[in-house]
Amino acid sequence: MPTVNPSYDITIKHTPMQTIRDTLTSRLRTAFATAFPDATLDALPIEAIPTSDETFGDYQCNAAMAAAKVLRKPPRAIADAIGRLLQEDPLLAKVEIAGPGFINLSLNDSALARHLETMQGDANLGIPQPGAGKRLILDYSSPNVAKPMHVAHIRSTVIGDALKRIYRALGYEVLGDNHLGDWGTQFGILILGYRHFLDPAALEASPIDELQRIYVLAHQKCEAEPEWRDQARNELVKLQSGDPENRALWQKFIDLSLLEFNQIYARLGVSFELVRGESYYNDALPGVIDTLQKHGLIRESEGALVAFLDEEKLPPCIVRKSDGGYNYATTDIATVLSREAEFQPDGILYVTDERQQLHFRQFFALARKVGVKTPLRHIWFGLMRLPEGLLSTRKGTAIKLERLLDEAEKRALELVQQASPDMPPEQQQAVARAVGIGAVKYADLSQNPQSAITFTWEKALAMDGNSAPYLQYAYARIASVRDKHNERFPDVDFLQEPIALDSPQARRLAVRLARYPDTVLDAANQDRPAILADALYDLAQTYSSFYQNVPFLKAEPGVRESRVRLGALVAQVLRHGLDLLGIATPERI
RNA sequence: GCGCCUGUAGCUCAGUUGGACAGAGCAUGGGAUUUCUAAUCCCAGGGUCGCAGGUUCGAUCCCUGCCAGGCGCGCCA
């Protein structure tokens, strides 16, 4: 019979720390098991969750209502029994039963404060490490060679990068792989265009724009004239069979494109451990067909090789075209086999837009059938559109990512110059970069990825309200208070003073701080950085209110240090959390 | 036709996977700065949660059917 150990001290240092939510959940489970030893409680959602309203306490448990049927007791009586068992818990100041059987838990102030102090001293800020010893591959960004990156490309790039950081914070080893679109029929057309329409000066000045231009011209010709189509086809065959000249051109297209992509990645602060385009797996493609054949998965149909997925109730999937070319499903299978053999990952995550859902279901089904055991997950996000319709390169409605970033930095610079006119221009520039890029990233990350996003300049560049600059501003104010404290009271180390939760605002802050590790875990479990962004915004809002209403440096000694210390923890969490979103936190704004 | 997704305040979006009176931001109106950074804070108005049924002690959330929009459905990725 498990019992609550009265000597259990939440402030004991151990790595990793247990989160408050987990601690409460295990206390609740123990209490249920103690009160109802003969019942089967496995199916019940016995867990602590943050309260919907702070007047109900800090955490609540709704399992009593759900348990009523199993236990054949009124939910209120169940809740009462649990409440009595938790009454003596040193972590809790109050246990109240409310409504039909809500169990409302209020944390003991002192226990909460001690927990925060421990968290503050922990390198991981108390974030659990479920990923220790595990490896993930994250496939994201993956732009097409010779095509400019538009505002829509930011989604995969920024969401993927944030997920990488979040998983790393949980102890996973994560390999980010930029699976470039660097192979396919478009290269025949591009080579043809290069031979006929190239403007070398333009290529020098703006490579991708020029490649895009010659591609469009050649593509139009191919649409109109059969001889051009044959020529393009011919160039492609030559490329695929290793013709040195075409190979060199193709490599040039990739190099030029990467040069530009890397500039954007540098501005965004995004990096990859691997950059392996589709072409990397070319040699493996025939083998994939053999494997599929061996498993009896494909049949010939109208000259093409087709995989049928009737069992899964999925439409058929072409793996090799009638002209002998391979499709992306084949490349994807080759990729996953290669990754499995080389890296033995514990999971592979793909971040793409919603249009690829069917493709991934087909590809995952085929991968399983050929024996891929690695868990594969498709993380998709809604398309980005403009208020007036879809972004389209052809219609010219697409907005280049570069332009968005430029505009964001420009607007941020105006704000910085206005707020900090005395700051050296170089520093103003640096701050503007952090703020502008942060604003753009946050606009994407703070939104549930599954809803379609409507791009507006106002939203993408928002610098007040629920935005990265709001969070960065909160951070900078705390940093400023910290420095002023060190300046005015050089002999006092605020980290040596205990945290006291002596105001409602301080307590509200404390509760949110304590939830941070759970938030990181939740964001990963749901593959949604927006969960983290929301929580950080909530924290910053609570802090801003605290800051506005409670004096720091003017408070009496002791209280002063306690508040500065609490603020320091807010800053630590903000910086940590924003870093997980890939957003920088300047010390001054 | 079939499949996936979306529909919540004037606008843009949250809503902890079935819990307590549905929440933010922007916009609108009012207020706060001799004080630690006003990119801030405080207050106010604003809702048939697309519509209609159903399951449940309890539904914005689950099921069914409609309506509206987006995306996809054998040789593009």
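Just so you know, these numbers use all the heavy atoms, side chains as well, and skip hydrogens, waters and symmetry mates.
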message = Please tell me if A/Gln356 has a side-chain N or O lying less than 4.0 Å from either OP1 or OP2 of B/C71.
response = no
inquiry  = For RNA chain B, please output the secondary structure as dot-bracket, reading 5' to 3'. Pairs are Watson-Crick or G-U wobble, both atom distances under 3.5 Å; mark crossing pairs with [ ], other-strand partners with |, unpaired with a dot.
reply    = (((((((..((((.....[...)))).(((((.......))))).....(((((..]....))))))))))))....
query = How many Å lie between CG on A/Asp444 and C1' on B/G25, as a whole number?
reply = 17 Å
request  = With sequence neighbours excluded, give me every salt bridge (charged side-chain N to carboxylate O under 4.0 Å, His left out) pair touching residues 442-459 of chain A.
outcome  = A/Arg155-A/Asp444
inquiry  = Under 4.0 Å, heavy atoms only, any strand: does A/Asn525 hit a base, just the sugar-phosphate, or nothing?
reply    = nothing
query = Base, sugar-phosphate alone, or nothing: which one does A/Arg528 contact when heavy atoms must sit under 4.0 Å apart?
reply = sugar-phosphate
message = Tell me whether the rings of A/His485 and A/Phe494 are parallel (<30°), tilted (30 to 60°) or perpendicular (>60°).
response = perpendicular
query = Base of B/U16 relative to its sugar, syn (within 90° of 0) or anti?
reply = anti
inquiry  = Roughly how many Å apart are B/A27 and B/C63, using the P atom of each and rounding to a whole number?
reply    = 38 Å
key: Whole-Å distance separating the CZ atom of A/Phe381 from the C1' atom of B/C13   = 18 Å
message = So A/Gln526, base contact, sugar-phosphate only, or nothing? Heavy-atom distance under 4.0 Å.
response = base
inquiry  = Using atom C1' in both nucleotides, what's the gap between B/C49 and B/C13 to the nearest angstrom?
reply    = 14 Å
ask   = Toward the 5' end of RNA chain B, which comes first, A/Arg320 or A/Gln357, by nearest nucleotide?
value = A/Gln357
request  = Spell out yes or no: do the side chain of A/Asp538 and the base of B/A14 have one donor N/O and one acceptor N/O closer than 3.5 Å?
outcome  = no
query = Which pairs with one or both residues in residues 50-68 of chain A pass salt bridge (charged side-chain N to carboxylate O under 4.0 Å, His left out), sequence neighbours excluded?
reply = A/Glu54-A/Arg508, A/Asp58-A/Arg507
task = Please report, rounded to the nearest Å, how far the P atom of B/U40 is from the OH atom of A/Tyr547.
result = 13 Å
task = Remember a base hit wins even if backbone is also touched, and classify A/Gln186 as base, sugar-phosphate or nothing at under 4.0 Å, heavy atoms.
result = nothing
task = Establish whether the base of B/C76 is bridged to the side chain of A/Thr185 by a donor-acceptor pair shorter than 3.5 Å.
result = no
inquiry  = Ignoring hydrogens, what is the shortest heavy-atom contact between A/Leu44 and A/Val70? Give both atom names and the distance.
reply    = CD2-CG2, 4.2 Å
inquiry  = With the six-membered base ring of B/G19 as reference, does the ring of A/Phe102 sit under 5.5 Å away with planes under 30° apart?
reply    = no
task = Provide the full list of side chain to side chain donor-acceptor pair (under 3.5 Å) pairs with a residue in residues 297-308 of chain A, sequence neighbours left out, each pair given once.
result = none
Closest heavy-atom pair and its distance - A/Gln60, A/Ser52 = OE1-N, 3.3 Å
ask   = Using a cut-off of 4.0 Å on non-hydrogen atoms, how would the nucleic acid contact of A/Val550 be classed: base, sugar-phosphate, or nothing?
value = base
inquiry  = Under 4.0 Å, counting only non-hydrogen atoms across every strand here, what does A/Thr454 touch: a base, just sugar-phosphate, or nothing?
reply    = sugar-phosphate
ask   = Closer to the 5' end of RNA chain B via nearest nucleotide, is it A/Asp534 or A/Ser544?
value = A/Asp534
ask   = Looking at RNA chain B, which of residues 55-69 of chain A put a heavy atom within less than 4.0 Å of it?
value = A/Phe56, A/Gln60, A/Asn62, A/Met65
message = Tell me if the side-chain of A/Tyr473 makes a donor-acceptor pair with the base of B/A39, cut-off 3.5 Å, by modelled atom types.
response = no
Ring centers of A/Tyr215, A/Phe253 separated by less than 6.0 Å = no
query = According to a strict under-4.0 Å criterion, is A/Ser545 in side-chain N/O contact with OP1 or OP2 of B/C41?
reply = no
message = Once you apply a heavy-atom cut-off of 4.0 Å, does A/Val481 come out as touching a base, just sugar-phosphate, or nothing?
response = sugar-phosphate
key: Donor-acceptor pair under 3.5 Å, A/Asn549 side chain vs B/C41 base   = no
key: Nearest-angstrom distance, C1' atom, B/G25 to B/A20   = 25 Å
query = Hey, is B/G74 sitting syn or anti, using the within-90° cutoff around 0?
reply = syn
ask   = Any idea which heavy atoms bring A/Ala66 and A/Pro45 closest together, and the distance?
value = CB-CD, 4.1 Å
inquiry  = OP1 or OP2 of B/C36 versus the side-chain N and O atoms of A/Ser480: is any pair under 4.0 Å?
reply    = no
ask   = With a 6.0 Å cut-off on ring centres, are A/Phe552 and A/Phe546 close enough?
value = yes
inquiry  = Just to be sure I understand the geometry, which residues of residues 463-472 of chain A put a non-hydrogen atom under 4.0 Å away from RNA chain B?
reply    = A/Met463, A/Asp464, A/Gly465, A/Asn466, A/Pro469, A/Tyr470
B/G74 to B/G3 separation - P atoms, rounded to the nearest Å = 16 Å
request  = Under 4.0 Å between any heavy atoms, over every strand shown, what does A/Ile589 touch: base, sugar-phosphate, or nothing? Just pick one.
outcome  = base
